[in-house]
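Worksheet for the structure shown next.
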Amino acid sequence: MWKKLSKLLEQIYPFIGLLILLVGFWQILVVITNIQTYLLPSPLKVVRALGDMQWRWFYQAEATSIEIFGGFLLAASVGILLGITITWSNILRRAILPLLVFLNSLPKIALAPLFIIWLGYGIIPNIVIAFTSAFFPVVINTATGVKEIDPNLVDFAKSLQVPKWKRFLKIRIPNALPQIFAGLKTSSTLAVIGAIVGEFVASSRGLAAVIMQAQGILATEAIFAALVWISVLGLGLYGLVALTEKVFMPWAQVIEE
Amino acid sequence: MEEQNSRRDKLIILRNIQKSYSSREGPILAIEDVSFEVEEGDFVVIVGPSGCGKSTLLKIIAGLLDYDKGSIKLRGKEISGPVRDIGMIFQEPALLRWKTVINNVLSPIELMGMNKEEYRQKAEELLQLTNLAGFKNKYPSELSGGMQQRVSICRSLVYDPSLILMDEPFGALDAMTREKMNIELLDIWRESRKTILFVTHSIPEAAFLADRVVALSDRPARINEEIAVDLDRPRKLTTKTENEYDEYTERLYQLMRGEFETEVAS
Ligand SMILES: Nc1ncnc2c1ncn2[C@@H]1O[C@H](COP(=O)(O)OP(=O)(O)OP(=O)(O)O)[C@@H](O)[C@H]1O
Ligand SMILES: [Mg+2]
């Protein structure tokens, strides 16, 4: 336990060090240039804004987290399912893949008004926007992982007369786990972007709504504080995915140790 | 010799197998005409130059590839497609990297939908036999190439197929490990009373292992000759120092020389 902790510290202390250095530099810069707060607030002011309950941080972050996590979970489940589906047969792939590529090529922000018209104003359309932003890498990574396999593994299963569905379940899908998780990590970041984009297009609640309010009254320190919140949510989701990966793939860790 | 042969049952009979692959430049004939028989309990080695169609032939026997002409009979019955009575070991160990050693050995049981627990003891015995008992909870990535190949051998023995096909299983190993594995394999073969059809392009390995060597020509594969290797069993490292052993390798080199030359020329 102690060893693990010190190992973790060893990994992150260069980053913490750099962070402290940058923030310190920022603080000094603000103090010596005496720059106006609405242009660049000092880190201290940002910290104070984080503690200022006028902004109702927990209430706002709650909405944004639901959008991010909801969108991500949808993207993960639909993405994995679709990724497996398009590798099941050539016909399915030829039918579905072009459609997915087309949908993915549309800028999600341009879709946002549609979802708002269809789904109303609030959290739901933003979940959908987060989902549309995030699902594509999961599909592609899952499909690649399931498809690209050592042919000997397939032959091994075939020689035991294992039916196709079982080969998928027991051989191809476990074999694809590293790629699936790589896709999920990319998608976790995109879900954050999607949720925030959705809030910017239309919403009265959420961290992007705070940014817009703060912009209106030039409360720049609150914008920074909201950015801190967003990155915490993003890192939290990424960390959760990484943790799940460790649980699902204990065999991948032995290589590192 | 004749008399002894007729007393034993033919496990598998190949008759006039022909196989061509389709390619952009039209069909490539990989196997022209191959016939041979393997008797129950035999250790038969197929040798042939690189690219002559050895892997193709094994995959056909395993039911993993279609062929154009000929017939294959297992215990007198025509087969088409995979049968569970034939196991296959590949050049690379082809283990499931997300499973521990013991679960890899048990994976055929799981994949065939049988009860893993009933076979656990057998799996552990096999690991014992191949000196892997201490590694049963490791993952394949934690093992050396030779150890991985041993796991793959255990995996093919656990569900007890009568015939085991081995496609250059030790080709990727260094010379010393390879010799050790050869001796180990002969031990396993003797104890398990399996029939083994083994592919290699190493003539010393063929002579050391085989009851009978089937020598294939360069592509498209035809049978050049079959040679019975009557060296005493059990064979040990010292077998390789015997004059008789040298005579067999000599003969095999003579036989294959033409093939090596055409390979260099082409
Ligand atoms: N899927 C395929 N499609 C087309 N041609 C193939 C295919 N697989 C093999 N061949 C061709 O068939 C011939 C025989 O291949 P095979 O793999 O059986 O040879 P091999 O004797 O096992 O060679 P090696 O000793 O190098 O393993 C080769 O010339 C190869 O190019
Ligand atoms: Mg081969």
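Residue numbers start from 1 in every chain, and the chains themselves are labelled A, B, ... in the order their sequence lines are given, proteins ahead of strands.
Atom NZ of A:K164 has more than 12 neighbouring heavy atoms from other residues, nucleotides or ligands inside a 6.0 Å radius. Other residues, nucleotides and ligands contribute at most 12 non-hydrogen atoms within 6.0 Å of the NZ atom of B:K59. The number of heavy-atom neighbours closer than 6.0 Å to CZ of A:F200, taken from other residues, nucleotides and ligands shown, is above 12. Within 6.0 Å of the CD1 atom in A:I16, the count of heavy atoms belonging to other residues, nucleotides or ligands exceeds 12. Residue-environment remark: CZ (B:F36) exceeds the threshold of 12 foreign heavy atoms within 6.0 Å. Atom CD1 of A:I109 has 12 or fewer neighbouring heavy atoms from other residues, nucleotides or ligands inside a 6.0 Å radius.
Among the candidates A:N175, A:D150, A:V162, A:V154, the residue making the largest number of heavy-atom pairs closer than 4.5 Å to chain B is A:N175.
Atom-to-atom distance recorded for A:S159:OG and B:I89:CD1 is 10.5 Å, nearest 0.5 angstrom. Within the model, atoms CZ of A:F156 and OG of B:S107 stand 3.5 Å from one another, a figure rounded to the nearest 0.5 Å. Atom CG of A:L153 and atom CZ of B:R97 lie 8.0 Å apart (nearest 0.5 Å).
No part of B:K99 comes within reach of chain A, as not one of its non-hydrogen atoms sits under 4.5 angstrom from that chain. A:I171 touches chain B through backbone and side chain together, each having a heavy atom under 4.5 Å away. Residue B:L64 touches chain A through its side chain alone, counting heavy-atom pairs closer than 4.5 Å. The contact between B:L95 and chain A is made entirely by backbone atoms, counting heavy-atom distances below 4.5 Å.
The shortest non-hydrogen separation linking A:P174 to B:W98 is CB-CE2, 3.3 Å. When all heavy atoms are compared, the tightest approach of B:R84 to A:L160 is NE-O, 2.9 Å. Residues B:Y139 and A:P250 approach most closely at OH-CG, 3.5 Å, considering heavy atoms. B:A94 and A:N152 make their closest contact through CB-CB, 3.7 Å (heavy atoms, listed as atom of the first residue, atom of the second, distance).
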- Task: Could you go through the side-chain contact (heavy atoms from CB on, under 4.5 Å) check for A:Q161 and B:M112 one step at a time?
- Result: CA-CA 8 Å; A:Q161 299 177 312; B:M112 291 192 285; over 6 Å; no

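Scanning residues 113-131 of chain B against chain A with a 4.5 Å heavy-atom cutoff picks out B:G113, ordered by number. Taking non-hydrogen atoms and a 4.5 Å limit, the residue list of residues 154-164 of chain B in contact with chain A, ordered by number, reads B:R155, B:Y159.
In this structure, the side chains of B:F90 and A:D155 come closer than 4.5 Å at one or more pairs of heavy atoms.
The backbone N or O of B:L111 sits less than 3.5 Å from a side-chain atom of A:K166, completing a donor-acceptor pair.
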